[in-house]
Amino acid sequence: MLFASVNKEDVKARIDKLTELLNQYNYNYYVLSKTAISDFEFDALLKELDTLENEFPELQNPNSPNLKVGGTITKEFENVKHKYPMLSLSNTYNEEELNEFDTRIKKIIGEDYKYVCELKFDGLAISLTYKKGELYSAVTRGDGTHGDNVTANVKTIKAIPHKLKPGNYPDEFVIRGEVFMHRATFDRLNEKLKIALEAKGFDEDEIQEQLYKNPRNFASGTLKQQNSSEVAKRPLDAFLYFLYTDNSIVETHYESLKKASEWGFQVSDHFKLCNNMSEVFEFINKYESERKNLSYEIDGVVIKVNNFLQQEELGFTAKTPRWAIAYKYKAENVSTVLEKITYQVGRTGAITPVANLKPVTLAGTTVKRASLYNADEIERLDLHENDTVFVEKGGEIIPKITSVDSEKRLSNSKKINYINNCPECETELVRKDGDAIHYCPNESACPQQLIGKIDHFIGRRAMNIDSLGTETVAGLFKKGLIKTFADLYDLKAEQLLNLEFEVGEEDIKKRSLKIKSVENILSGIEKSKQIPFERVLFALGIRMVGETVAKKLSKQFRSIEKLAVASFEELKDIHEIGEKIAENVVNYFAQKSNLELCEKLKLHGLKLEISASENANFSNTLQGKSFLVSGVFSKSRDEIKNQIENNGGRNVSSVSKSLDFLLAGDKMGPEKIKKATDLNIKVINEQDFLEMLT
Ligand code: IVH
């Protein structure tokens, strides 16, 4: 014991002092962008605090900066009612509507008013409650009346003060703002995530699916993390933009922003008091061109009537305040030349047209391709060869073509006609009535579909044969060693050793398999025989049978033989299966080649039924019953949810009339219980639940 003889009061005083100092330095650094002491001095103070807190955890100050780097694992976010409903803003994209907004204001409050123009930050709204100068809660917007209590996560955001600087703030007040992620942080973390996913053997599509689409998306995913130390690793930032107090300290919004900033809140510098609409438009135009220089994303400008009494007079509609409006900028777009259209063939034969563009920079990245979705889209755009097109980046990573610059169209350019035959196997494409997508029907022989099916089969969430990648699969296929995924199980070391094949699309290279890769490939294939039935079922690649559906079907039928003879009616009656999936399953097993494929897999020893030990966990005891699991239990909520499904029950995510049981654990929000009791829904505890299973 290092501090055996010290006086606890002295230690407490020192801990409090260090807490205050470090918070002040953090505030200077993160909010004011000013550095008051060197990193070294800062670290030394932090280290001293760490040591004291470790030795005397009971003396830790609740505002400790160490709490700012998280560590709290929240089991589930508590649902909290907003004192002031979190309304949204009415939007406009054009000047005319903005002038109409101004005319409406004038009609109600006369000529004497001003506006405050602010940036519209593209993040997530947050509502902070402070009591006696300390952060009491941070709640997300939710449905506007209730949101998630994400206080532990928000405490990791350095720009949000745990404790305010001295000031004349009310004992209790609410301040609203936007949590966001800087573009550079987003790029850095998404790149890191990409590398980690690549290392884990995810393929390109899976990686694209898991990467965050934009900073807002990343910020929102971060704030909803259950473990706040995870949040602390993904730096978020925040601007505060609206103060709610019962008894007004100031008369105008402009003054309230200044006050908030004095109390320690981070308020953006980019706001302006405007005397008339021409000043408002000036502000809008200024930031339309300057937004690209900001380190974070904005999607418009918010215009608010400045005087609080006038705001009150104007009031609210059901959804939005009448005293404010958002002027939204159109998504960034550029024009470039369409070089050619290529057509990709998916594993189900679905054809996706892709526009190959002359590389152009858009919103900070180089764009070479744009998705064209289907034939109707090409028709809608009336695309011609070598057209100059406008490309826009919305919320998605892959940009889209919004329109054609018809003035730049060359007089002799030909209209683009959709292909009639598969670019891989020449088979005539089909398009079913009511379907937007063309398909190559040559399921059993189109090379791209066959490669795609094997690639899906080996995927991480399917058979997880990570020693094989897309390129090796294509190489083995082209060398004639495999035609279907069942052939993987016949591969021999001597066939693979020193096998040479080409990899790459544009930059083609030769690759040759060495002994280590061969060993890995074969052991990976062997190991896959232990993969449980539900994943083998998913790996088969039956149209519309994703992971969740495969899980459901495996639990319901328990073996491939039983599933293969299931009727359309039987299938469609399963909750959440539906007619289309049922039709696809029936069609799949109606084909002899598929039955043979399953037979082969079975002969190779793959799991095509639920194992005896798994079977012991299954029953139909809860058949047809729905459950909402909420709160903390002796085991994890996921385990309980699995138990429900394994016994034929169904999990739902909210209280409604059709709910059968609310399975209530500890620390669950009173709102849910109240709602359930009001609707006469049975509320049961963990013990009651276990008894239902016996
Ligand atoms: S004021 C009653 N100011 O935009 C107060 N909102 O589309 C209403 N937003 O939900 C909000 N920047 O999340 C306000 N400077 C700003 C804003 C802003 C971004 C968001 C906010 C709101 C959404 C409305």
Side-chain angles (χ1 to χ4, degrees), residues 201-203 205-206 209-210 346-350 443 449 452-466 484-486 488-489 527-591 593-602 604-615 617-620 623 638-639 641-652:
F202 282 94
D203 68 28
D205 286 349
E206 288 172 325
E209 207 176 283
Q210 291 197 47
R347 69 178 162 88
T348 57
E443 244 185 277
Q449 287 187 57
K453 284 190 170 79
I454 306 173
D455 196 37
H456 169 76
F457 182 85
I458 64 164
R460 207 186 59 93
R461 296 207 282 266
M463 304 306 282
N464 194 22
I465 311 178
D466 58 3
T484 68
F485 41 71
L488 290 171
Y489 296 90
K527 232 170 75 192
S528 75
K529 293 180 182 170
Q530 298 313 316
I531 296 285
F533 175 46
E534 61 182 47
R535 278 171 61 188
V536 182
L537 189 52
F538 167 60
L540 293 181
I542 305 172
R543 238 180 239 180
M544 294 177 78
V545 178
E547 281 171 283
T548 322
V549 174
K551 218 181 215 173
K552 280 220 156 76
L553 293 175
S554 75
K555 278 179 184 162
Q556 200 78 28
F557 294 95
R558 303 188 189 178
S559 78
I560 200 93
E561 276 92 1
K562 291 200 185 111
L563 177 64
V565 294
S567 70
F568 173 77
E569 270 70 29
E570 247 178 293
L571 286 159
K572 93 167 170 22
D573 285 346
I574 301 171
H575 182 70
E576 282 170 0
I577 292 292
E579 293 190 1
K580 280 218 158 142
I581 301 178
E583 190 183 313
N584 282 319
V585 174
V586 170
N587 285 346
Y588 182 87
F589 290 107
Q591 287 181 43
S593 57
N594 289 333
L595 293 174
E596 283 167 3
L597 199 60
C598 293
E599 189 55 39
K600 261 195 189 171
L601 294 180
K602 196 167 179 191
H604 280 297
L606 274 77
K607 294 198 184 306
L608 287 170
E609 59 186 20
I610 281 181
S611 64
S613 64
E614 277 178 287
N615 229 338
N617 294 328
F618 288 98
S619 80
N620 289 328
Q623 192 71 43
D638 277 347
E639 277 176 82
K641 286 183 180 172
N642 264 335
Q643 260 183 311
I644 292 175
E645 284 185 8
N646 292 348
N647 290 286
R650 185 160 55 89
N651 289 297
V652 299

- Give the ring-plane orientation class for His456 versus Phe538, where under 30° counts as parallel, over 60° as perpendicular and anything between as tilted.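 Perpendicular: the ring planes of His456 and Phe538 meet at over 60°.
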Should [X] and [Y] count as side-chain neighbours, where that means a heavy-atom distance under 4.5 Å?
X      : Y      : value
Phe589 : Val565 : no
Thr484 : Phe457 : no
Val545 : Tyr588 : no

Kindly compute the distance separating [atom1] ([X]) from [atom2] ([Y]), expressed to the nearest 0.5 Å.
X      : Y      : atom1 : atom2 : result
Leu563 : Leu608 : CG    : CG    : 10.5 Å
Phe533 : Lys607 : CZ    : NZ    : 12.0 Å
Met544 : Ile581 : CE    : CD1   : 5.0 Å
Asn647 : Gln623 : CG    : CD    : 10.0 Å
Glu599 : Glu561 : CD    : CD    : 7.5 Å
Phe568 : Glu570 : CZ    : CD    : 12.0 Å

Using every non-hydrogen atom in the two residues, find where [X] and [Y] come nearest and quote the distance to one decimal.
X      : Y      : value
Lys555 : Asn642 : NZ-OD1, 4.1 Å
Ile531 : Ala462 : CG2-O, 3.9 Å
Val586 : Ala566 : CG2-O, 4.1 Å
Leu597 : Ala486 : CD1-CB, 3.8 Å
Lys453 : Glu443 : NZ-CG, 3.7 Å

Passes side-chain contact (heavy atoms from CB on, under 4.5 Å), Val549 versus Val585? Steps please.
-> CA-CA 11 Å; Val549 174; Val585 174; 5.9 Å; no
Salt bridge (Lys or Arg N to Asp or Glu O under 4.0 Å) filter on Lys551, not counting sequence neighbours, yields none
*Heavy-atom donor-acceptor pair, Asn594 side chain to Ala590 backbone, under 3.5 Å*: no
Is the backbone of Gln449 close enough, under 3.5 Å, to the side chain of Arg347 for a donor and an acceptor to pair up by distance?
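Here the side-chain-to-backbone pair does not exist.
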- Please assess Ile560 against Leu537 for the test side-chain contact (heavy atoms from CB on, under 4.5 Å), listing each intermediate value before the final yes or no. CA-CA 8 Å; Ile560 200 93; Leu537 189 52; 4.1 Å; yes
Residue pairs involving residues 538-547 (criterion salt bridge (charged side-chain N to carboxylate O under 4.0 Å, His left out); sequence neighbours excluded):
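Non-adjacent pairs meeting salt bridge (charged side-chain N to carboxylate O under 4.0 Å, His left out): Arg461-Glu547.
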Across all chains, not counting sequence neighbours, the side chain to side chain contact (heavy atoms under 4.5 Å, CB included) partners of Lys529 are Tyr489, Glu526, Leu606
Would Leu488 and Met463 count as a side-chain contact (heavy atoms from CB on, under 4.5 Å) here? Give the steps. CA-CA 12 Å; Leu488 290 171; Met463 304 306 282; over 6 Å; no
